[in-house]
Protein chains: 2
Amino acid sequence: MADIKFVRADIGPTGSEPSSEAAPGHLRWDIIELLFFAYRDFVGDADHVLEAFGFGRAHHRVMHFVHRYPGLTVADLLDVLRITKQSLGRVLKQLLDEGYIVQRAGDHDRRQRLLFATAKGEALVAKLAGLQTDRITRALRGFSASDAEAVARFLRAMIDRDDPDKVLEQLLDHNHSAAKD
Amino acid sequence: MADIKFVRADIGPTGSEPSSEAAPGHLRWDIIELLFFAYRDFVGDADHVLEAFGFGRAHHRVMHFVHRYPGLTVADLLDVLRITKQSLGRVLKQLLDEGYIVQRAGDHDRRQRLLFATAKGEALVAKLAGLQTDRITRALRGFSASDAEAVARFLRAMIDRDDPDKVLEQLLDHNHSAAKD
DNA sequence: TAGATACGTCAACATGGCTGACATAAAATT
DNA sequence: AATTTTATGTCAGCCATGTTGACGTATCTA
């Protein structure tokens, strides 16, 4: 084991002028690092399971949103994920070929491919969401209703509002009333 | 614009038994998705700036922890980032070559390379942290002290406790007392 | 002195982003 | 009816960043 003892630095910026901090010199190092570690472990839960299926995080994201928003079009999925159709194409093709997702031509517009999770796909998503839910539930254990509500309110407020895609719109709307349960 | 109307699915798992949910059938889709979008936009702030410097997220992570924990060794950095030394080597070499980081032999153990951010490096980190702090400060606007504390408590509780690296230990300790300010 | 450790590096490979180009079917417009 | 636009798929190749395995050197430890 290394036995060096490093110290936390709370020194301010040295050279340039940080563009527009709310409270100058008061950078939220605490929350910044907590977000990093919390998200790292949060997605880590799913990573192990995905590996066993031969999938990656990209597959998880696709499966998640297709499951949650049945009938999602490819274009809408591209909006949510903010990747190119070539990148999406690769993982989507695998999920289709292996029977985790099926597609159907749109009712009004037959060019569209509406995406649906199969039972197999839903089982995978539920397994992954179960792990992540466990972590969230543990983290919220002992929280009062108003504390838990504050957490959801914080996360909502962290999200960009300009140019929300359709999925995001629904999420933000829905959460207004249903954050507590 | 596509005018399809997809609906949110609140159906449960179909095939297999999700391993160990706390409250069966009660998956926290809301928090799961909020975390996804919040983190996406949170790291997105930095991405634009980094691009202008010819750097990526990997460089940001290295710069951040070197700045925050001056004298960090390579081994400790590997622990925090959970990547291989080969992956780290690539980005670290660039940051050293371009003068964002300097290294010094360890005092007690001269095999170690203690890492330090230069003024140039600190300026970059401060710029990026400024953007992310802006977002956090906006998100916490109007929060009571106890609400803000609940957010930090939630994030801390989301982090794995088993086998914490040295950086994480310090963060969790420090936050006990200093989460409010 | 022998072995373990901290670090650096070479080579090869995988994943998942990206751009650019092009094809097809179906809708929309003229 | 002819044309153009849109939704999707796909080929080819590049880049960033992760991986494994092997090996070398300096330095610390037993």
Side-chain angles (χ1 to χ4, degrees), chain A residues 1-4 6 40 43-44 46-48 50-63 66 71-97 101-115 165-166, chain B residues 1-4 6 40 43-44 46-48 50-63 66 71-97 101-115 165-166:
Chain A
M1 292 295 150
D3 66 337
I4 58 127
F6 51 79
R40 180 187 71 175
V43 298
D47 284 345
H48 309 299
L50 287 164
E51 201 180 4
F53 282 78
F55 290 146
R57 288 184 191 176
H59 301 85
H60 185 190
R61 289 194 286 269
V62 170
M63 278 311 309
V66 168
L72 199 64
T73 66
V74 170
D76 286 327
L77 192 48
L78 290 174
D79 271 358
V80 180
L81 300 178
R82 294 196 186 163
I83 58 176
T84 58
K85 66 177 171 178
Q86 294 89 334
S87 292
L88 174 59
R90 269 192 302 233
V91 297
L92 186 53
K93 192 171 191 315
Q94 295 176 57
L95 292 169
L96 287 165
D97 287 350
I101 288 179
V102 289
Q103 51 185 199
R104 209 184 66 205
D107 299 320
H108 310 307
D109 186 338
R110 283 173 42 213
R111 290 171 304 181
Q112 298 178 325
R113 301 302 152 105
L114 311 188
L115 303 172
D165 49 74
K166 291 162 64 179
Chain B
M1 293 296 149
D3 65 337
I4 57 123
F6 52 79
R40 180 187 72 175
V43 298
D47 284 346
H48 310 300
L50 286 164
E51 200 180 3
F53 282 76
F55 291 146
R57 286 182 193 177
H59 302 84
H60 185 191
R61 289 193 286 268
V62 171
M63 279 310 309
V66 169
L72 199 65
T73 66
V74 171
D76 286 327
L77 192 47
L78 289 174
D79 270 358
V80 180
L81 300 178
R82 295 195 187 164
I83 58 177
T84 59
K85 65 177 172 179
Q86 293 88 336
S87 290
L88 175 59
R90 267 191 306 234
V91 299
L92 186 54
K93 192 171 192 314
Q94 296 176 58
L95 292 169
L96 287 165
D97 288 349
I101 288 179
V102 289
Q103 50 185 198
R104 209 184 66 205
D107 299 320
H108 310 306
D109 186 338
R110 285 172 41 214
R111 289 172 304 181
Q112 297 179 325
R113 299 306 151 101
L114 311 189
L115 303 173
D165 48 73
K166 290 163 63 179

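Per chain, numbering begins at 1; letters A, B, ... match sequence-line order.
- Relative to the side chain of A:Thr84, the nucleotides D:dT20, C:dC7, C:dT19 differ in distance, and C:dT19 lies closest.
- B:Leu78 has its CG atom 14 Å from the C1' atom of D:dT19, to the nearest Å.
- Looking at B:Ile101 and B:Val62, their side chains come closer than 4.5 Å, going by heavy atoms from C-beta outward.
- Of the listed residues (B:Asp165, B:Thr84, B:Leu88), just one forms a side chain to side chain contact (heavy atoms under 4.5 Å, CB included) with B:Leu78, and that residue is B:Leu88.
- A side chain to side chain contact (heavy atoms under 4.5 Å, CB included) with A:Val91 holds for exactly one of A:His59, A:His60, A:Arg61; it is A:His59.
- Listed by residue number, the members of residues 86-95 of chain A with any heavy atom below 4.0 angstrom from DNA chain C are A:Gln86, A:Ser87, A:Arg90.
- Applying side chain to side chain contact (heavy atoms under 4.5 Å, CB included) to B:Val74 and the options B:Arg111, B:Lys85, B:Arg113, B:Gln112 leaves one that passes, B:Arg113.
- Rounded to a whole Å, the CZ atom of B:Arg104 is 17 Å from the C1' atom of C:dC7.
- Here the P atom of nucleotide C:dG17 and the CZ atom of A:Arg82 are 14 Å apart, to the nearest Å.
- For the pair B:Arg61 CZ and D:dG18 P, the computed distance is 5 Å after rounding to whole Å.
- Proximity of A:Leu114 to A:Thr73: side-chain heavy atoms (C-beta onward) are separated by under 4.5 Å at one or more points.
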Can you give one letter per nucleotide of nucleotides 24-30 of chain D, 5' to 3': B if a protein heavy atom sits under 4.0 Å from the base, S if only from the sugar-phosphate, - if neither?
--BBS--
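- Contact of the B:Gln103 side chain with the B:Leu96 side chain is registered, since non-hydrogen atoms from C-beta on lie closer than 4.5 Å.
- A side chain to side chain contact (heavy atoms under 4.5 Å, CB included) with A:Leu115 is found for exactly one of A:Asp76, A:Leu95, A:Val102, A:Leu77, namely A:Leu77.
- Phosphate proximity of C:dG8 to B:Gln103: present, with a side-chain N or O under 4.0 Å from OP1 or OP2.
- With rounding to the nearest 0.5 angstrom, the CG atom of A:Asp47 is 4.0 Å from the CZ atom of A:Arg57.
- In this structure, CD of B:Gln112 is placed 11 Å from P of C:dG8, rounded to the nearest angstrom.
- Distance, B:Asp79 CG to C:dT5 P: 14 Å, rounded to whole Å.
- Only A:Gly56, A:Arg57, A:Ala58, A:His59, listed by number, bring a heavy atom of residues 53-60 of chain A to less than 4.0 angstrom from any atom of DNA chain C.
- When rounded to the nearest whole Å, the span between CD1 of A:Ile101 and P of D:dG9 equals 11 Å.
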